[in-house]
Amino acid sequence: LDEQAKENVRKDIQTILKTAIVVDSTLDEYGSELCERLERTAEALQKTFEMEDSLMEDFRKALETAREQNSGEPEDFCYMDAEQAREMIFAMCDRLDDPKEVMKVLSQVVADLGYTDKVVYAFDCASSEYYDEKRGMYLWRGDYVDRNFLIQELEDLTKTYPIAFVEDALYEEDFEGFKMASERLNTVVIGDDFLCTSLDRAKKAVEMGAARGMIFKPNQAGTVTEALETAKYMIDRGLLVVPSSRAGGTIDSPEKEFGLALGVWAVKTGAPREGTRVHGFNFLMHANYELNVPMTDVTKLPIFSHLVR
């Protein structure tokens with residue numbers, strides 16, 4: 001380093017030390033309350049990390065069993081670490097493609113960790129991705145099925161597990177199908193591809209009883225103004241708005257910030273393995289302890305009354 005660079009480093013260190021002193025004095029003044037909130041947040045994140053690691057281990061075991069059953073020859077999956085297991089998830093999908101079997105694995109992981117009463121689930125079905133418009137059918141595990149079949153499958157799952165919400169249960173243009181799903185499923189039916197953060201689509205779906213919430217993505221609407229108007233329309237009616245980042249999005253994508261400003265009850269994020277996701281968790285932690293925004297107990301919200309059994 002040249003002298004100027006060294007001086008800059010010294011200034012950075014001094015700033016960090018001063019900040020640490022301020023934080024330390026703040027903890028002395030507000031220590032008890034602040035630490036309690038930090039502990040609650042850290043506990044929730046710890047559960048997320050533990051479930052992911054445990055889930056990867058269970059997937060690894062399930063994949064090993066499936067491969068042995070298919071080939072009759074055991075392979076060296078016992079040496080697969082968690083990162084390798086993540087990379088094998090897609091390889092496993094063609095062997096564990098029944099949602100009911102997947103939920104068995106997930107619920108067992110949660111039970112093994114002792115979190116059964118602390119975890120609820122949500123589905124992103126992305127049903128438009130496997131809908132065949134020419135046939136008017138869905139490609140389901142190697143066969144074609146209609147919307148009644150999918151609704152029945154989801155109905156079975158929502159009766160068995162605490163499902164907070166189901167996203168994009170059917171083909172995005174099937175408003176009547178979404179209405180049927182909303183009437184039959186023991187959960188909150190919401191739209192992502194279905195509603196596209198569009199005020200017109202949201203109004204139509206809500207008025208006909210086809211949806212009780214939406215995924216919030218400003219880039220879908222095309223303008224921040226319409227996205228916020230759509231969110232306000234839903235919130236004013238006591239419906240669910242879930243800000244969500246997009247796969248491959250930028251770290252500074254502001255969905256979480258919009259969610260905080262709107263006062264939403266939940267956000268959608270993935271496991272904390274990528275920059276965008278870690279940034280989201282960090283932002284929510286800062287909102288919790290810097291702005292005193294409490295974490296939400298979803299079971300106490302009217303929109304999720306179906307979770308209380």
Side-chain angles (χ1 to χ4, degrees), residues 99 120-140 144-158 163-249 253 255 258-259 262 264-270 298 303-304 306:
V120 297
Y121 306 92
F123 294 157
D124 177 1
C125 300
S127 296
S128 293
E129 297 299 319
Y130 56 97
Y131 179 75
D132 187 320
E133 292 190 50
K134 291 182 179 180
R135 294 173 181 261
M137 305 279 279
Y138 298 85
L139 182 58
W140 173 269
Y144 286 95
V145 300
D146 61 15
R147 68 185 182 189
N148 292 322
F149 177 91
L150 289 187
I151 292 174
Q152 184 60 58
E153 288 289 301
L154 288 169
E155 185 174 7
D156 293 342
L157 287 166
T158 58
I163 311 298
F165 63 82
V166 172
E167 171 188 341
D168 287 345
L170 299 169
Y171 172 54
E172 61 198 58
E173 297 300 335
D174 188 3
F175 280 81
E176 287 297 331
F178 271 90
K179 180 180 179 181
M180 292 170 55
S182 292
E183 292 170 347
R184 289 178 53 182
L185 303 186
N186 183 42
T187 189
V188 179
V189 173
I190 72 173
D192 179 15
D193 299 333
F194 176 44
L195 299 182
C196 293
T197 319
S198 161
L199 184 57
D200 289 341
R201 292 181 71 89
K203 285 182 176 180
K204 178 179 178 179
V206 171
E207 289 171 1
M208 66 184 295
R212 290 202 293 145
M214 72 170 198
I215 295 293
F216 176 84
K217 294 177 180 175
N219 67 303
Q220 288 181 326
T223 66
V224 171
T225 299
E226 183 177 357
L228 292 176
E229 287 176 349
T230 308
K232 188 175 185 303
Y233 172 82
M234 304 295 275
I235 292 171
D236 287 348
R237 287 157 180 75
L239 303 176
L240 185 63
V241 174
V242 184
S244 171
S245 55
R246 295 181 68 89
S253 187
E255 291 84 5
F258 278 126
L262 290 166
V264 302
W265 300 316
V267 297
K268 178 183 174 184
T269 188
V298 296
I303 191 78
F304 293 132
H306 64 279

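Expressed to the nearest 0.5 Å, how far CG of Asn219 lies from SG of Cys196 amounts to 10.0 Å. Atoms CD1 and CG, on Ile151 and Asp146 in that order, are 8.5 Å from each other to the nearest 0.5 Å. Separation of atoms CD1 (Ile163) and CG (Leu185) is listed at 10.0 Å; rounding is to 0.5 Å. Atom CD1 of Ile235 and atom OG1 of Thr230 lie 10.5 Å apart (nearest 0.5 Å). Here CZ of Arg212 is found 9.0 Å from CZ of Phe304. Values are rounded to the nearest 0.5 Å. Rounding to the nearest 0.5 Å places CE of Met180 at 8.0 Å from CG of Asp174.
For residues 163-173, every residue pair satisfying the salt bridge (charged side-chain N to carboxylate O under 4.0 Å, His left out) rule, not counting sequence neighbours, is listed here: Glu167-Lys268, Glu173-Arg201.
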Chi angles and distances behind the side chain to side chain contact (heavy atoms under 4.5 Å, CB included) call for Glu255, Ser244: CA-CA 6 Å; Glu255 291 84 5; Ser244 171; 5.9 Å; no

Trace of the side chain to side chain contact (heavy atoms under 4.5 Å, CB included) decision for Phe175 with Leu170: CA-CA 9 Å; Phe175 280 81; Leu170 299 169; over 6 Å; no

Working for side chain to side chain contact (heavy atoms under 4.5 Å, CB included), residues Leu150 and Tyr130: CA-CA 12 Å; Leu150 289 187; Tyr130 56 97; 3.9 Å; yes

Steps toward side chain to side chain contact (heavy atoms under 4.5 Å, CB included) verdict (Met208, Glu176): CA-CA 8 Å; Met208 66 184 295; Glu176 287 297 331; 3.4 Å; yes

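A distance-only check finds no donor-acceptor pair linking the side chain of Thr197 to the backbone of Gln220 [under 3.5 Å]. With hydrogens and angles ignored, the 3.5 Å screen pairs no side-chain donor or acceptor of Thr158 with any backbone N or O of Thr187. Panel note: side chain Glu226, backbone Leu199; a donor-acceptor pair is recorded below 3.5 Å.
A heavy-atom distance below 4.5 Å is not found between the side chains of Phe216 and Met234. Residues Tyr144 and Leu139 form a side-chain contact, since some pair of their non-hydrogen atoms from C-beta on lies under 4.5 Å apart. Residues Leu157 and Phe123 meet the side-chain proximity criterion, which asks for heavy atoms closer than 4.5 Å. Under the 4.5 Å side-chain criterion, counting only non-hydrogen atoms from C-beta, Val224 is in contact with Phe258. When side chains are defined from C-beta on, Met214 does not count as touching Val242, because their heavy atoms never get closer than 4.5 Å.
Nearest heavy-atom pair across Val206 and Arg237 is CG1-CD, 4.4 Å. In terms of heavy-atom proximity, Ile190 sits nearest to Leu240 at CG2-CD2, 4.1 Å. When all heavy atoms of Tyr171 and Phe178 are compared, the pair lying nearest together is O-CE1, 3.3 Å. Nearest heavy atom pair, residue Gly259 against residue Pro243, reads CA-CG, 3.6 Å. Between Ser182 and Ala210, the shortest heavy-atom distance links the atoms OG-O, 3.1 Å. Ala205 and Leu195 get closest at one heavy-atom pair: CB-CD2, 3.7 Å.
Checking Gln152 against Asn148 by side-chain atom types alone, no donor-acceptor pair falls below 3.5 Å.
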